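Okay, so here's the structure we're looking at.
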Amino acid sequence: MPVTVQLGTRSYEVLIGPGLLVQAASLITGRLGKCRCAIVTDANVASHYLSPLQNMLREQGMYAGSEVLAPGETTKNFPALGLLCESLLTMGLERGDLVIALGGGVIGDLAGLAASIVRRGIRLVQIPTTLLAQVDSSVGGKTGINTPQGKNLVGTFHQPSLVIADTDSLATLPPRQFRSGYVEAAKYGLVEDANFFAWLEQNWRLVFAKDKAALTKTISISVDGKAAIVVRDETETGDRMLLNLGHTFGHALEAWAGYSERLLHGEAIAIGIHLAYRLSAQLGLIDDGSAERVRKHFSEVGLPTTISEVAWQQFPSPRDLLTLMAQDKKVRGGKLTLILARQIGEAFMTRDVPAQVVQQFLAEQTGTSA
Ligand SMILES: NC(=O)c1ccc[n+]([C@@H]2O[C@H](COP(=O)([O-])OP(=O)(O)OC[C@H]3O[C@@H](n4cnc5c(N)ncnc54)[C@H](O)[C@@H]3O)[C@@H](O)[C@H]2O)c1
Ligand SMILES: [Zn+2]
């Protein structure tokens, strides 16, 4: 069953399940008609999935150009964006044509941004090939690149016209990347769906074994949850902020690790979510048992849950982390925006926790002095 993101004239379908990539060309033309296509991907993904897709589109009589970028977070920058925009123009893409983002969140964010600014907006199809991109980044329209000042600080909102999430494409994804993406799925349960989190606690082994039904269910529930929130708050002025559970702490940890292989995004978020639950417990908002449930589940699937578990080059001090947290986008008027929890499945936003309290909390968590 596809999930539809209901945004009036900009509504779009998210197709989820096995066997979709092999019919991608007809899924695209059936919904969006025939036009020129530019496939944007990275070298890892290209080696598995580019030629079949390109050939399929050509068999339908369409132009299908491609741009293969270097894999990794460092590709999400201004130079790569500039080259990509020029390449799309050289391929002769016009407004009614299609940019197809084939890859993980890096490709989706970069290609999405290019699609939104070239000719003031070209249609975008997302074909996410990581679990993270399938449960999170391919849906909702956020695009972006990084700058020396921070992550995702330059970007636009540009909703795709179609999302094709083929669970079979996850077969080639490295296990560590799969695990990292899983955190964003668990996040939906923790934000607003206690039953889903409980289901994951029971069934995560099936998900990790890539059982088709379990994987499709996990992605569908996550996308459904995200779609509902995006419809309520497309540009993130309210409810959509709840999806940042664990991200204020997590982004600071990622920044301290230099956005390196030392700590993947989802791993940082696993620690961040656990910290958010621990802080909530310390503030008397929830019981210790709930925070412990979060820790136990993430540990069980093989994710880090504490700052000390990361193989840091240099251990971050509470002050270092607080400084990085204060640089996060989620700061308004100098006050930290935190997403905390009242229970499993009920997150809320607050700007009422003083920075000093957070610093003291981080000191306790790291066994250092504030
Ligand atoms: N726009 C949003 O709403 C949103 C939400 C969350 C995250 N993000 C962004 O997403 C990015 C992270 O995305 P990601 O975790 O998908 O990382 P990624 O795109 O870097 O992919 C991870 C790695 O897996 C490889 N890969 C991808 N698919 C593969 C496949 N099927 N088989 C083999 N290898 C494959 C890639 O080449 C890369 O090396 C970050 O930049 C983050 O800011 C955006
Ligand atoms: Zn995230």
Side-chain angles (χ1 to χ4, degrees), residues 5 21 40-50 53 68-77 80 101-113 116 124 126-146 150-160 163 165-188 191 210 222-223 226-227 229-230 234-236 240 242-251 253-255 259-261 263-273 328-330 339:
V5 184
L21 207 46
V40 184
T41 189
D42 72 29
N44 293 337
V45 179
S47 67
H48 299 289
Y49 308 109
L50 176 59
L53 177 63
V68 180
L69 304 164
E73 189 68 34
T74 46
T75 293
K76 261 178 64 173
N77 62 16
L102 172 70
V106 164
I107 291 300
D109 279 11
L110 178 69
L113 177 53
S116 77
L124 172 70
Q126 293 270 12
I127 306 188
T129 61
T130 63
L131 184 57
L132 180 135
Q134 295 193 352
V135 300
D136 191 356
S137 63
S138 64
V139 176
K142 272 202 212 173
T143 79
I145 53 168
N146 308 322
K151 228 188 121 164
N152 297 329
L153 294 180
V154 173
T156 58
F157 286 99
H158 186 59
Q159 297 292 343
V163 181
D166 185 344
T167 51
D168 289 343
S169 68
L170 302 177
T172 50
L173 188 67
R176 188 177 170 202
Q177 293 288 351
F178 186 92
R179 209 180 297 125
S180 172
Y182 175 83
V183 177
E184 304 281 8
K187 181 188 75 180
Y188 291 105
V191 165
K210 307 206 175 72
S222 305
V223 168
K226 179 155 184 184
I229 291 181
V230 166
E234 189 179 356
T235 54
E236 195 172 306
R240 190 164 178 178
L242 298 179
L243 296 179
N244 291 321
L245 174 67
H247 282 62
T248 309
F249 287 117
H251 281 161
L253 295 168
E254 262 188 298
Y259 305 106
S260 65
E261 291 286 304
L263 188 65
L264 299 183
H265 176 71
E267 295 168 345
I269 302 312
I271 300 173
I273 291 177
D328 201 69
K329 282 200 298 306
K330 293 170 285 298
I339 313 299

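For ligands, and for the atoms within them, numbers begin at 1 and follow the listed sequence. Bear in mind that the values here come from a model prediction, so they are computed numbers and not experimental data.
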Check ion pair E236-K142 (N to O, under 4.0 angstrom) =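 Salt bridge: yes.
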
message = Within 45 degrees of the ring normal and closer than 6.0 Å to the centroid, is that where the cationic atom of K76 sits relative to Y259?
response =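 Not satisfied by the 6.0 Å and 45° rule.
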
ask   = Can any side-chain N or O of R240 pair as donor or acceptor with the backbone N or O of T235 at less than 3.5 Å?
value =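 No; zero donor-acceptor contacts below 3.5 Å.
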
ask   = Between the side chain of N77 and the main-chain N/O of A80, is any donor-acceptor distance below 3.5 Å?
value =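 Yes, because the side chain of N77 sits within donor-acceptor range (under 3.5 Å) of the backbone of A80.
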
Find all protein N or O atoms under 3.5 angstrom from an N or O atom of ligand 1 and list the pairs with distances, or write 'none'.
{"residue": "ligand 1", "atom": "1 (N)", "partner": "D109", "partner atom": "OD1", "Å": "2.9"}
{"residue": "ligand 1", "atom": "1 (N)", "partner": "K142", "partner atom": "O", "Å": "3.0"}
{"residue": "ligand 1", "atom": "13 (O)", "partner": "G105", "partner atom": "N", "Å": "3.1"}
{"residue": "ligand 1", "atom": "16 (O)", "partner": "G105", "partner atom": "N", "Å": "2.8"}
{"residue": "ligand 1", "atom": "16 (O)", "partner": "T130", "partner atom": "OG1", "Å": "2.7"}
{"residue": "ligand 1", "atom": "19 (O)", "partner": "G105", "partner atom": "N", "Å": "3.2"}
{"residue": "ligand 1", "atom": "19 (O)", "partner": "V106", "partner atom": "N", "Å": "3.1"}
{"residue": "ligand 1", "atom": "28 (N)", "partner": "T129", "partner atom": "O", "Å": "3.3"}
{"residue": "ligand 1", "atom": "28 (N)", "partner": "T129", "partner atom": "OG1", "Å": "2.8"}
{"residue": "ligand 1", "atom": "31 (N)", "partner": "T129", "partner atom": "O", "Å": "3.0"}
{"residue": "ligand 1", "atom": "31 (N)", "partner": "S169", "partner atom": "O", "Å": "2.9"}
{"residue": "ligand 1", "atom": "31 (N)", "partner": "T172", "partner atom": "OG1", "Å": "3.4"}
{"residue": "ligand 1", "atom": "32 (N)", "partner": "T172", "partner atom": "O", "Å": "3.3"}
{"residue": "ligand 1", "atom": "32 (N)", "partner": "T172", "partner atom": "OG1", "Å": "2.8"}
{"residue": "ligand 1", "atom": "37 (O)", "partner": "D42", "partner atom": "OD1", "Å": "3.1"}
{"residue": "ligand 1", "atom": "37 (O)", "partner": "D42", "partner atom": "OD2", "Å": "2.7"}
{"residue": "ligand 1", "atom": "37 (O)", "partner": "N44", "partner atom": "ND2", "Å": "2.9"}
{"residue": "ligand 1", "atom": "39 (O)", "partner": "N44", "partner atom": "ND2", "Å": "3.2"}
{"residue": "ligand 1", "atom": "41 (O)", "partner": "E73", "partner atom": "OE1", "Å": "2.8"}
{"residue": "ligand 1", "atom": "41 (O)", "partner": "E73", "partner atom": "OE2", "Å": "3.0"}
{"residue": "ligand 1", "atom": "41 (O)", "partner": "K76", "partner atom": "NZ", "Å": "2.8"}
{"residue": "ligand 1", "atom": "43 (O)", "partner": "K76", "partner atom": "NZ", "Å": "3.1"}
{"residue": "ligand 1", "atom": "43 (O)", "partner": "K151", "partner atom": "NZ", "Å": "3.3"}
{"residue": "ligand 1", "atom": "43 (O)", "partner": "N152", "partner atom": "ND2", "Å": "3.2"}

task = Return the number of protein N, O or S atoms with a distance to the Zn ion (ligand 2) smaller than 2.8 Å.
result =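 Counting protein N, O and S atoms closer than 2.8 Å to the Zn ion (ligand 2) gives 3.
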
Euclidean distance, D136 CG relative to K226 NZ, rounded to 0.5 Å =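 It comes to 4.0 Å.
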
inquiry  = How long is the straight-line distance from NZ of K210 back to CG of L170, given to the nearest 0.5 Å?
reply    =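 Reported to 0.5 Å precision, the distance equals 7.0 Å.
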
Just checking, is any N or O donor in the side chain of [X] or [Y] under 3.5 Å from an acceptor N or O on the other one?
X: Q134; Y: D166; value: no
X: H265; Y: E73; value: no
X: S116; Y: T156; value: yes

